[in-house]
Amino acid sequence: MSPSTPPDSSRWTFPRWTNRLREIGAVAAVGGLVYVVVLLTLLFGPETSAIGYAPDQPVAYSHAVHAGELDIDCRYCHDTVMQTAQAAIPPAATCMNCHASVRAESDKLAPVRAAFESGEPLRWKRVHDLPDFVYFDHSAHVNSGVGCVSCHGRVDRMEVVQQEKALTMGWCLDCHRDPTPYIQPRETVTALDWERSDASVAPAQLIQDYDITPSTDCSTCHR
């Protein structure tokens, strides 16, 4: 065979272009690994789950003062939390129950006074905001002995409320599969500093007493 004669391709088992499959496979493997790392970072990172989200509010309301120093029960402001799916945001009239006489002339409370006089609600910014396709019932949880602190953290220490928990589907399912660490006596659900002690009723007993059987069926939260 002369140097100018092309090789006989009939002797090859695979076409010549398959020689590049190794390089293509290596690039795909590295690219796939990078994709998985980026995906997991986005799914579970604080930026995606909104951990630490603490928006500025129309009024500089301090939970550290009201729920902490003054020990005002959560239900005074969020008065529907035991009866309905929503934990109500208080109207300006609730604020004025106290602030008609307490710091009544404070400039910080000007928006509250204006809302009270006009009847227009304050435009609070939602901190814990689940997707629209997720159904969550506050009353079902607090009446089962799930304390406010389990989802909201120690708001009694927060000057500005922020999201502390991931609120992801996996996070919710972990609790539904094993609610034991989160169950406490119903009468203590708004006590943000409550801690289990040797004298406390065992969670297993409370689960039995409250007939707690959390579902992991999709239709429970996606309706």
Side-chain angles (χ1 to χ4, degrees), residues 34-68 72-82 84-91 94-95 108 111-112 115 121-184 189-194 214-223:
V34 171
Y35 173 79
V36 170
V37 171
V38 172
L39 179 64
L40 291 177
T41 300
L42 291 176
L43 284 176
F44 299 105
E47 293 82 3
T48 303
S49 61
I51 293 176
Y53 177 60
D56 292 331
Q57 300 290 356
V59 178
Y61 179 89
S62 170
H63 276 76
V65 169
H66 293 79
I72 296 175
D73 191 282
C74 305
R75 291 166 291 191
Y76 181 75
C77 296
H78 306 290
D79 58 352
T80 63
V81 70
M82 304 297 290
T84 69
Q86 302 296 325
I89 300 299
T94 299
C95 305
K108 293 181 179 180
V112 177
L122 288 164
R123 302 298 178 183
W124 299 99
K125 296 177 183 177
R126 184 183 292 272
V127 178
H128 302 83
D129 190 9
L130 295 177
D132 292 341
F133 54 81
V134 176
Y135 174 78
F136 178 85
D137 189 330
H138 276 84
S139 65
H141 289 77
V142 292
N143 285 303
S144 294
V146 178
C148 303
V149 70
S150 296
C151 298
H152 296 289
R154 292 297 300 270
V155 293
D156 57 327
R157 297 174 178 173
M158 298 180 190
E159 284 295 328
V160 178
V161 170
Q162 68 174 21
Q163 181 176 320
E164 281 200 353
K165 310 297 182 179
L167 308 184
T168 60
M169 185 172 72
W171 181 80
C172 295
L173 282 172
D174 285 343
C175 181
H176 275 230
R177 288 171 179 146
D178 180 19
T180 305
Y182 310 101
I183 301 300
Q184 60 192 75
V189 291
T190 61
L192 301 175
D193 59 351
W194 183 86
S215 172
T216 57
D217 188 272
C218 301
S219 62
T220 302
C221 300
H222 303 294
R223 302 183 178 184

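The structure presented is a predicted model; accordingly, all values stated were derived computationally and were not measured.
Put simply, the side chain of I89 reaches to within 4.5 Å of the side chain of H78, judged on heavy atoms. Side-chain contact between D156 and H63: absent, with no pair of heavy atoms (C-beta onward) separated by less than 4.5 Å.
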For this session: Would you please test H141 and F136 for ring pair (Phe, Tyr, Trp, His ring centres under 6.0 Å) and show each step?
Result: CA-CA 9 Å; H141 289 77; F136 178 85; 4.3 Å; yes

For this session: Step by step, work out the side chain to side chain contact (heavy atoms under 4.5 Å, CB included) result for Q57 and V161.
Result: CA-CA 10 Å; Q57 300 290 356; V161 170; over 6 Å; no

Problem set entry | Worked check of side chain to side chain contact (heavy atoms under 4.5 Å, CB included) between T190 and R75 | CA-CA 8 Å; T190 61; R75 291 166 291 191; 3.3 Å; yes

Exercise. Where do Y76 and T94 land on the side chain to side chain contact (heavy atoms under 4.5 Å, CB included) test, with the steps shown first?
Worked result: CA-CA 8 Å; Y76 181 75; T94 299; 3.8 Å; yes

For this session: Give the intermediate values and the outcome of side chain to side chain contact (heavy atoms under 4.5 Å, CB included) for residues C151 and W171.
Result: CA-CA 10 Å; C151 298; W171 181 80; 3.8 Å; yes

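No donor-acceptor distance shorter than 3.5 angstrom exists from the side chain of S150 to the backbone of V146, with no hydrogens or angles considered. The main-chain N or O of F133 is found under 3.5 Å from a side-chain atom of H222 such that the two form a donor-acceptor pair. K125 places a side-chain N or O within 3.5 Å of a backbone atom of D56 that can act as its donor or acceptor partner. Between the side chain of N143 and the backbone N or O of S139 there is at least one donor-acceptor pair closer than 3.5 Å. Looking at Q163, its side chain does come within 3.5 Å of a backbone N or O of K165 through a donor-acceptor pair.
Between W124 and Y61, the angle of the ring planes goes over 60°, which puts this pair in the perpendicular group of the 30/60° scheme.
With sequence neighbours excluded, no residue satisfies ring-ring contact (aromatic ring centres under 6.0 Å, His included) with H176.
A88 approaches D79 most closely through the heavy-atom pair CB-OD1, 3.7 Å.
Put simply, SG on C172 and CZ on R177 are 11.0 Å apart, with the number rounded to the nearest 0.5 Å. To the nearest 0.5 angstrom, L130 atom CG is 10.5 Å from T168 atom OG1. Distance OG1/T84 to CG/D137: 7.5 Å, rounded to 0.5 Å.
Under 3.5 Å, the side chains of D217 and S219 contain a donor-acceptor pair of N or O atoms.
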